[in-house]
Amino acid sequence: MDDHLEGLNGAQREAALHKEGPLLIIAGAGAGKTKTITHRIVNLIKEGVAPEKILAVTFTNKAAKEMKERIIKEIEKNAKGQNKVPFVSTFHSLGVHIIKENAHALGLTRHFTILDENDSISLVKESIKEINLDPKQYEPKRIKNIISREKGKFTELTDYAEKTYDYLSKVVAQVWTLYEKKKMAENSLDFDDLLLKVVKLLKENKEIRKIYQERWEYIHIDEYQDTNEVQYLMSKLLSENNQNICVVGDADQNIYSWRGANLKNILSFEKDYPKTKIVILEENYRSTKNILEAANEIIKKNKYRPDKNLFTKNEIGEKIGLYEALEENDEAEFVATKILELLDGSSEPALNESKIREFSSWSGPKPRTRENSANFAEINPSGESENILSEIAVLYRANFQSRVLEEAMLRYNIPYQVLGVKFFERKEIKDTLAYLRAALNPQSLSDIKRIINFPARGIGKATLLKIFAKETENLPIKMQIKIQNFYQTLEEIKEKIENSKASEVIKFAVKKSGIEAELREGGTEEELERLENIKELATLALKYDNLPARPHEGAGGENGLGIEKLLEDASLASDQDSILMNEEKKEKIDAIKLMTIHAAKGLEFKYVFITGLEDGLFPHQRDNTKSVEDAEEERRLFYVALTRAKEKLFLSFANFRTIFGSRQINAPSEFIADIPADLLEKEGEQSGIKTIYI
């Protein structure tokens, strides 16, 4: 056996050795799909394919980073002397790359701004007002979501406007028209444009399409079941020349239809590519036999899926714990006390002084404890930590469920993180990055609007309107000087970008803009913490300091590219990518994770609690309607939740739960009944009276 294929099972090896033509890898949860793709790419290189001819596309920066690191490691081990690597990125990063190389063809400059969700909604709101409608009646976020959904389906504005059939559609078409004009004036694109513009370019421009088809002869798409229409078309256009496309996915883990993910893409792959070879990865390396048996029983009830059955050589493992709670506070109490039992059964110490100091000095999203709410309990003696807390996840179907769980963690002094607080969405980080974007793209009115009066310069809304209308000559001389000084600051930051490393640029921009002085002079704990977060941004920028210049670039090549890449990564960071940006601190902080099941996809933990297993909540049901497609997606979501656990699962439901201020009586979820009884064991048999926290 070749060294680079050592450690692969039969199915993984079959996929890794495939070279020519379309390949569909059906990869069950925990079946080693990343390992398989990595070894396939390395095998292509060993077979003589130039690394730069290979493209691999994932859905998160985290997944792309992990894949790239694995590929580099395997290349160093098995293809010595090879100093080039494949192009590994997310769909949106790939879109940015292609757009930047063809910016002029799209009427943009290279330094276009990528609008985040809030900036996009703000422009939509402005557009609604311009057609004399009330944003309270026509909610900007809803209008933006409609536009986003249509773009995901590769619907262009002109096509949408032609098929408007009701008043709301006509409003959307009007708002969409103004929204596009505003973006073009600002030299900016929204998240959906990063894919839509590329697909339109590839479809309409044969020469440009040919360039990328010849550049990437072997294409790999991860999580193919989560692709929407635009991502599907992008993959098809890039691979249509030679059909060397390898897609990896699992229909059983399609849980993003509300984002436009189309399950038909993976189910119809053979029709799109008639010469497809199919390899099914069914051996699970993550979970115990009991957990997998439960997962298999749950998912086999779905009809829209290829037939597969996960198996493992792992031990049988413990039974799945099932807790019947009186109400939600009782359920949260069970979760908290069970976590303490897990800690007592390990060598994990109780919270010690050293650990608490780590919590208090950490500048990221803080694990919550009694230390930062009420009086902290007596601290037990310290000991060697095994980071057991970070191996525990508490999952729920809806965000509102986290409140009572957080309260229970606080009562028992259990450090926790609610995942989903984005580093790049913190105000101070957005302000700093806005200065950098505005320096590179002065047309970005959204960024100018955000920072022109922060720190305070006495520039009000009326003055801002005159600036945007290019009527500053009518303003008082003192105000004109203030405006000139602001734009001079942006010029100096731009010059710094072109001549300095990324980390130095951050430090310069924060000082030159006045942000540092503003936060220092404020002196409150909150302001100083914001300053610490900006310092963390400068630390993060260190890894962008020595990016190589692109051959065709002149001024700003090596150094300018660092800030450009930082801004790109910040704009494209997903929920999981941006929770904790400092990997070293991520390892040090030990706290349980509270998150929705959607946020948990791609993660794994030794111990997993799945809460709120009640009919109507999970499976979730909206407006008393339940289509077959919705029902199957809820079942897939439960399957994903089950397969996050490596060693032990706990399920819980409450007989009563207060939702929107009303106490409801609940029936247990149908999912519980679908798990064989011999896999379950009851937790917390009632003995006496329970304490209920109201």
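The basis for the numbers below is simple: all heavy atoms, side chains too, and nothing from hydrogens, waters or symmetry mates. Every value quoted in this text rests on a predicted model; they were computed, and no experiment measured them. Here, residue 1 is the first one in the sequence, and each next residue gets the next number.
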query: Got a donor-acceptor contact below 3.5 angstrom from the R644 side chain to the L603 backbone?
result: yes
message: Between R259 and N228, does the side chain to side chain contact (heavy atoms under 4.5 Å, CB included) criterion hold? Intermediate values first, please.
response: CA-CA 8 Å; R259 287 185 185 172; N228 62 18; over 6 Å; no
message: So if I apply the salt bridge (Lys or Arg N to Asp or Glu O under 4.0 Å) rule between D252 and each of K301, K303, R305, K300, which one comes out positive?
response: R305
task: Give a yes or no on whether the backbone of W176 and the side-chain of S127 come within a donor-acceptor separation of less than 3.5 Å.
output: no
field: T337 side chain vs F334 backbone, donor-acceptor pair below 3.5 Å
entry: yes
Greater than 12 external heavy atoms within 6.0 Å of L168's CG: yes
- request: Please lay out, stage by stage, how Y396 and L405 fare under the test side chain to side chain contact (heavy atoms under 4.5 Å, CB included).
  value: CA-CA 10 Å; Y396 36 82; L405 292 165; 3.7 Å; yes
- request: State whether the side chain of N302 and the backbone N or O of Y304 hold a donor-acceptor pair below 3.5 Å, judged by distance alone.
  value: no
task: Can you see which heavy atom on D590 is nearest to which on P415, and at what distance?
output: O-CB, 3.9 Å
- prompt: Considering residues, nucleotides and ligands other than K129, do more than 12 of their heavy atoms fall under 6.0 Å from its NZ?
  reply: no
- prompt: Which heavy-atom pair separates A295 from Y639 by the least distance, and what is that distance?
  reply: O-CD1, 3.5 Å
query: Does any non-hydrogen side-chain atom of F91 lie less than 4.5 Å from one of L572?
result: no
statement: Distance col, row D190:CG vs I147:CD1, nearest 0.5 angstrom, shows 8.5 Å
message: Please check: side-chain N/O of E614 versus main-chain N/O of A654, any donor-acceptor pairing under 3.5 Å?
response: yes
field: Steps toward salt bridge (charged side-chain N to carboxylate O under 4.0 Å, His left out) verdict (K153, E150)
entry: CA-CA 5 Å; K153 293 190 293 188; E150 293 298 325; 3.4 Å; yes
query: Just how far is it from atom CD1 of I266 to atom OG1 of T227, taken to the nearest 0.5 Å?
result: 8.0 Å
- prompt: Looking just at side-chain N and O atoms, do Y412 and E333 make a donor-acceptor pair shorter than 3.5 Å?
  reply: yes
- line: Nearest heavy-atom contact between L343 and I388 is CD2-CG2, 3.8 Å
field: Minimum side-chain heavy-atom gap K319-L680 below 4.5 Å
entry: no
- prompt: Looking at NZ of K264 and CD of E229, how far apart are the two atoms once the value is rounded to the nearest 0.5 Å?
  reply: 10.5 Å
task: Using the side-chain hydrogen bond (donor to acceptor under 3.5 Å, both in side chains) rule, take S257 and E633 through it: C-alpha gap first, then chi angles, then the decisive distance, then the call.
output: CA-CA 8 Å; S257 65; E633 180 149 341; 2.6 Å; yes
- prompt: Within the side chain of N290, is there an N or O that forms a donor-acceptor pair under 3.5 Å with the backbone of G317?
  reply: yes
task: Report the C-alpha distance between E117 and K144 in whole Å, list the side-chain angles of each, state the deciding distance to 0.1 Å, and finish with yes or no for side chain to side chain contact (heavy atoms under 4.5 Å, CB included).
output: CA-CA 9 Å; E117 185 69 8; K144 171 63 176 63; 4.0 Å; yes
- request: Verify side-chain hydrogen bond (donor to acceptor under 3.5 Å, both in side chains) between E223 and Q225, making sure each step is shown before the conclusion.
  value: CA-CA 5 Å; E223 303 287 8; Q225 79 280 350; 2.7 Å; yes
query: Does K648 reach the main-chain N or O of L342 with its side chain, forming a donor-acceptor pair under 3.5 Å?
result: no
query: Looking only at heavy atoms, which two atoms of L613 and F671 are closest? And how far apart?
result: CD2-CD1, 4.3 Å
Contact check, side chains of F656 and I665, non-hydrogen atoms, under 4.5 Å: yes
task: Not counting sequence neighbours, which residues clear ring-ring contact (aromatic ring centres under 6.0 Å, His included) with F650? List them please.
output: F609
Value rounded to 0.5 Å, distance of CG in N314 from CD in E283: 8.5 Å
message: Does K125, at its NZ atom, have more than 12 non-hydrogen atoms belonging to other residues, nucleotides or ligands within less than 6.0 Å?
response: no
task: Compute whether any side-chain donor of one residue and acceptor of the other, for S169 and D166, lie under 3.5 angstrom apart.
output: yes
field: Residue among E328, E327, E331 satisfying salt bridge (Lys or Arg N to Asp or Glu O under 4.0 Å) with R657
entry: E331
task: Check for a donor-acceptor pair, side chain of T312 on one end and backbone N or O of Y285 on the other, with a separation under 3.5 Å.
output: no
message: As a quick check of understanding, evaluate side chain to side chain contact (heavy atoms under 4.5 Å, CB included) for L637 and R397, giving each step before the final call.
response: CA-CA 9 Å; L637 191 58; R397 178 63 181 83; 3.4 Å; yes
- prompt: Can you tell me if Y256 uses its side chain to pair, donor with acceptor, with the backbone of H598 under 3.5 Å?
  reply: yes
- prompt: If you measure from CD1 on I299 to CZ on R635, what distance do you get to the nearest 0.5 Å?
  reply: 7.5 Å
message: Pair R636, N254 - check side-chain hydrogen bond (donor to acceptor under 3.5 Å, both in side chains), show working.
response: CA-CA 7 Å; R636 291 194 294 268; N254 170 267; 3.0 Å; yes
- prompt: Crowded around K427 NZ? As in, over 12 foreign heavy atoms under 6.0 Å?
  reply: yes
query: Passes salt bridge (charged side-chain N to carboxylate O under 4.0 Å, His left out), E428 versus R530? Steps please.
result: CA-CA 6 Å; E428 61 275 14; R530 285 181 176 179; 3.7 Å; yes
task: Please name the residue in the list T596, T643, D226 that meets the side-chain hydrogen bond (donor to acceptor under 3.5 Å, both in side chains) test with K601.
output: D226
- prompt: What ring-ring contact (aromatic ring centres under 6.0 Å, His included) pairs are there with at least one residue in residues 133-153, not counting sequence neighbours?
  reply: none
message: I'd like to know if the side chain of D615 reaches the main chain of S669, judged simply by a donor and an acceptor atom lying under 3.5 Å from each other, with no hydrogens or angles considered.
response: no
- prompt: Quick one: does M595's side chain get under 4.5 Å of V418's, heavy atoms only?
  reply: no
- request: May I ask you to say whether K308 pairs ionically with D250, meaning some side-chain N is under 4.0 Å from a carboxylate O?
  value: yes
- prompt: Nearest heavy-atom pair of P306 and I26: which atoms, and what distance?
  reply: CG-CD1, 4.3 Å
field: For L115 against S120, the heavy-atom pair lying closest together
entry: CB-OG, 3.6 Å
- request: Applying salt bridge (charged side-chain N to carboxylate O under 4.0 Å, His left out), run through R403 and E407 and close with a yes or a no.
  value: CA-CA 6 Å; R403 182 188 62 81; E407 289 174 357; 2.9 Å; yes
- prompt: Do you see a donor-acceptor pair shorter than 3.5 Å between the side chains of S627 and D630?
  reply: yes
message: Among K606, K646, K593, exactly one meets salt bridge (Lys or Arg N to Asp or Glu O under 4.0 Å) together with E391. Which residue is that?
response: K646
- prompt: For the atom pair CZ (F59) and OG1 (T90), what is the distance rounded to the nearest 0.5 Å?
  reply: 9.5 Å
